[in-house]
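To start, the structure itself, in structure tokens.
Chain letters run A, B, ... following the sequence lines, proteins first, then strands; residues in each count from 1. Computed from heavy atoms alone, side chains included, the values below leave out hydrogens, waters and symmetry copies. Computed from a predicted model, the values in this text were never measured in an experiment.
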Amino acid sequence: MPFDFNLISVDPAGARLGRISTDHGAVDTPAFMPVGTQGTVKTMSSRDLREAGASIILANTYHLYLRPGEKIIEEAGGIHRFMSWDGPVLTDSGGFQVLSLADLTRIGDDGVEFKSHLDGSTHFLTPERVVEIQLSIGSDVMMVLDHCASYPCDHPAAAEAAARTALWARRSASVGGTRIVRGGCERVLFGIVQGSVYPDLRERSCREITALDFPGYAIGGLSVGEPKAETLEMVELTARCLPAERPRYLMGVGFPEDIVEGVARGVDLFDCVLPTRNARNGTVFTSEGKLVLKNAVYARDFRPLDSRCGCETCRTYSRAYLRHLFNTGEMLGPRLATIHSLYFYLHLLEEMRQVIREQRFERWREEFYRRYGRSGTKIVSRP
RNA sequence: UCCUGAGUAGCUCAAUCGGUAGAGCAUCCGGCUGUUAACCGGAGGGUUGUAGGUUCAAGUCCUACCUCAGGAG
């Protein structure tokens, strides 16, 4: 089945229900993509991911290119076979690494020069080369190489990054178009909108990118340090400029409340390291807010992490036990915490799909905040 | 009983010629947004075994005692 996006319904509030079809299966949207940068969602097996409710995962072109190298993944039969994940895979282009590895990069209109964070070797990546690498990796959704500007970023610099992103989008699409059939599977290329926090730049970027007719569009360069109100304003504005019949992907977002607000503004796809990274570092997300496992209050708290959760961790283990695992440095701790937080995220999205289907997203959102807290960062009730 | 060595933060140890006590771990608390992250940051915590002495000044030098370890008998 070729790539397709079917917009099923739109809630009166603006939230969208849809379905993405790929040769590796379907993704009901709005959806959250667990981040598996190096071809693994840290601590999670493929079966764990399925049981947590994942339908699509994200991997990173830059990291896989450095290690093990895209040729090895190609020899293995592609990323799906290599990591034994038969669902859809989206690969990020490495555009974010332009920002996160800023000390090791030099950027020009031709492309980006990376100094490998592993061995210091230098690599020059062009937008064309990044598409070719992703074709070798075998992802279902490829992202164009973009220039993700830092924050704060003045207007001229943001304009330059957005213009470069548009130039690179054209060059990316010139490799084989925006839909490429390879190995019996259709691979699609998503464009990325930039423009920092400047409405005029966001609008211009939208026009330039959508002119290239990508099968999907990402909103990039947000949640890089700007105030939340600005993030939401940019999401809202950008979503309005994007074609309704194509999926919209808000890159790198976010906290549960950020995702709820993104869905409310018509976003279909999200990814973020927060549920996995924070879990490994001892903080999990629950229906009542975040829970910092290492805190002493949980030493004798024998309740599950989240009484409303049905994950393996919550069905089997207590807060006190998880705290013990973290305090002793046992590796089961990060694993059980990751299982929980991903389950929580993925089921939060499932819940949102349900209420959009039933046209009651707005009321549900109020209920969510009553339980979770407006700030979304409160410590859950003490024992 | 004698000889030698050692007693400093909860633990393991630093501290120059005598100059006004630090670190790692542990504890407690934060942070983490397209992963350079099982990571990073902060805080609390001391009558330096006890009692004297020398000195402007003692964790440091001297005396006695206490405790521990090793050795001798």
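Looking at heavy-atom distances under 4.0 Å, A:D271 makes contact with sugar-phosphate atoms alone, never a base. No contact: A:G94 has no heavy atom under 4.0 Å from any strand. Across all strands shown, A:L58 has heavy atoms under 4.0 Å from sugar-phosphate atoms exclusively, and none from any base.
The partner of B:U55 is absent, by the rule that a Watson-Crick or G-U pair needs both atom distances under 3.5 Å. In this structure, B:G31 and B:C39 make a Watson-Crick or G-U wobble pair, each of the two defining distances being under 3.5 angstrom. The partner of B:A69, taking Watson-Crick or G-U wobble pairs whose two distances both stay under 3.5 Å, is B:U4.
Under 3.5 Å, the side chain of A:T276 and the base of B:U35 form at least one donor-acceptor pair of N or O atoms.
Closest to the side chain of A:C272, out of B:U35, B:A37, B:U33, is B:U33. Out of B:U33, B:U35, B:C29, the shortest distance to the side chain of A:S223 is found at B:U33.
The side chain of A:R323 contributes no N or O atom lying less than 4.0 Å from OP1 or OP2 of B:U27. The side chain of A:Q97 places an N or O atom within less than 4.0 Å of a non-bridging phosphate oxygen (OP1 or OP2) of B:U36.
Residue A:R67 contributes atom CZ, which lies 15 Å from atom P of B:U35 at whole-angstrom precision.
A donor-acceptor pair is defined here as one N or O able to donate and one able to accept, closer than 3.5 Å; no such pair exists between the side chain of A:R16 and the backbone of A:D268.
Between A:H80 and A:H24, the two ring planes are parallel [angle under 30°; tilted spans 30° to 60°].
Ranked by how close their nearest RNA chain B nucleotide is to the 5' end, A:R277 and A:V144 are led by A:V144.
Between A:F285 and A:F344, the gap from one ring centroid to the other reaches at least 6.0 Å.
With sequence neighbours excluded, no residue satisfies side chain to side chain contact (heavy atoms under 4.5 Å, CB included) with A:S307.
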